[in-house]
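Please read these numbers as outputs of a predicted model, since none were measured by experiment. We number each residue from 1, following the sequence as shown.
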Amino acid sequence: MLVYPSGLDLSSSALRFLSRRQAARRLELGTRWRRLPAARQALLVLAHLRCGHTYAQLAAGFGVGTSTVGRYVAEAVEVLAVLAPDLATAVRAAARKAFVILDGTLLPIDRIAADRPYHSGRHKKHGMNVQVLADLSGRLLWASAALPGAVRDIRAARTHGIVDALAQADIPCCADKAYQGAGGTVRVPYRGRREELSAGQQAVNRSHAKIRALGEQAMATLKTWRLLRKLRCSTTRITALVQAVLTLHLNASN
């Protein structure tokens, strides 16, 4: 396999953050020696998450075995995932905001047609449903555990307790039509064709769409981690990968 120099579109703060966490993990485990130092291991993991490079590609580039790459990635993801904020922490942070934006996204996976629980009729592809809360600047606040793609957004929001948590904290929330009937503090656009709505309802929907567009920025931020654009791992690992990416985004933004 050919090897060439490349670059990551990440700030050095991401590398420093993960390197410190890896070094602390090694001290905790009492590790005396490893093939790669903590900083190189952190760089390997960032390349995997950001660019979606395979274990074989990373093994060739860093001069280690594929099994070693797998262990390094799994260890780093575990270290990062436990640092991701839970829903209660995110709601406390959201309480200081004017409102939050709730949206869902489908993370594509390599499943076959027989895997119906993972097939999203809305997106017409297999994937995992992840719910996201963002602030009025489009900054990610929280990402949920991943559910099979067949689960609709409103059901996913109820399963994770998002609607109840926001209602109890009395936090206004903007969401799209997929959350129709959610209740609580969740506000959705008026339903119906544009020509069937009154001028006032159309104006409300336009304002609502401008606000929700900020949530799309949060989704775009999540998808800049190219591993999440097409996941080829076990579905049981996807939640940890999303939480790891969220931790990096919150603690080491560009």
Side-chain angles (χ1 to χ4, degrees), residues 1 3-93 107 109-110 128 130 132 140-147 160 221-222 224-254:
M1 187 177 294
V3 178
Y4 66 95
S6 184
L8 284 175
D9 55 341
L10 289 171
S11 67
S12 58
S13 61
L15 180 61
R16 292 194 299 270
F17 175 80
L18 184 51
S19 296
R20 290 194 298 267
R21 295 296 174 181
Q22 287 296 146
R25 179 64 170 171
R26 293 184 180 194
L27 287 175
E28 179 185 339
L29 295 175
T31 303
R32 298 181 63 183
W33 180 87
R34 288 196 182 183
R35 185 71 178 270
L36 296 180
R40 291 288 288 173
Q41 179 181 352
L43 183 61
L44 180 153
V45 173
L46 291 176
H48 177 64
L49 296 176
R50 190 69 171 185
C51 301
H53 293 323
T54 66
Y55 288 178
Q57 291 171 323
L58 293 170
F62 285 83
V64 295
T66 55
S67 59
T68 300
V69 172
R71 288 195 301 271
Y72 281 175
V73 170
E75 180 184 73
V77 168
E78 180 184 353
V79 167
L80 292 170
V82 297
L83 299 175
D86 57 15
L87 181 58
T89 302
V91 168
R92 286 195 296 271
L107 302 181
I109 59 175
D110 59 342
M128 299 293 284
V130 173
V132 167
L140 282 171
L141 297 175
W142 174 79
S144 73
L147 295 175
H160 297 305
T221 298
L222 196 65
T224 56
W225 298 83
R226 287 180 280 280
L227 181 71
L228 300 182
R229 296 180 188 176
K230 184 67 173 182
L231 290 155
R232 295 177 173 82
C233 60
S234 169
T235 55
T236 59
R237 296 183 54 211
I238 294 177
T239 293
L241 287 170
V242 172
Q243 299 300 317
V245 166
L246 177 63
T247 298
L248 286 169
H249 172 73
L250 293 177
N251 292 277
S253 298
N254 289 332

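A side-chain donor from one of R71 and T68 sits under 3.5 Å from a side-chain acceptor of the other.
Closest approach of A56 to T66, counting heavy atoms only: CA-CG2, 3.8 Å. Nearest approach of A84 to L246, heavy atoms of both residues: CB-CD2, 4.3 Å. The shortest heavy-atom contact between L140 and L222 is CD1-CD1, 4.1 Å.
Q243 has its side chain out of reach of L83: every pair of non-hydrogen atoms, C-beta onward, lies at least 4.5 Å apart. Taking 4.5 Å as the limit, some side-chain heavy atom of T54 sits within range of a side-chain heavy atom of Q57. Between R26 and L29 the shortest side-chain heavy-atom distance does not fall below 4.5 Å. Counting heavy atoms from C-beta on, the side chains of L241 and V77 come closer than 4.5 Å. Residues F17 and L80 are in side-chain contact: their nearest non-hydrogen atoms beyond the backbone lie under 4.5 Å apart. F62 places none of its side-chain heavy atoms less than 4.5 Å from the side chain of V69. Looking only at side-chain heavy atoms (C-beta outward), L43 and L8 come within less than 4.5 Å of each other. Counting only heavy atoms from C-beta outward, the side chains of E75 and Q41 approach each other to under 4.5 Å.
Between H160 and W142, the angle of the ring planes goes over 60°, which puts this pair in the perpendicular group of the 30/60° scheme.
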Inset, instruction - Evaluate the criterion side-chain contact (heavy atoms from CB on, under 4.5 Å) for residue pair D86 and T89; output intermediate values, then yes/no. - result: CA-CA 5 Å; D86 57 15; T89 302; 2.6 Å; yes
Legend entry - Worked verdict on R50 versus T224 for side-chain contact (heavy atoms from CB on, under 4.5 Å): CA-CA 7 Å; R50 190 69 171 185; T224 56; 3.3 Å; yes
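The six-membered or imidazole ring of Y72 lies away from that of H48, with a centre-to-centre distance of 6.0 Å or more.
Atom CZ of R226 has more than 12 neighbouring heavy atoms from other residues, nucleotides or ligands inside a 6.0 Å radius.
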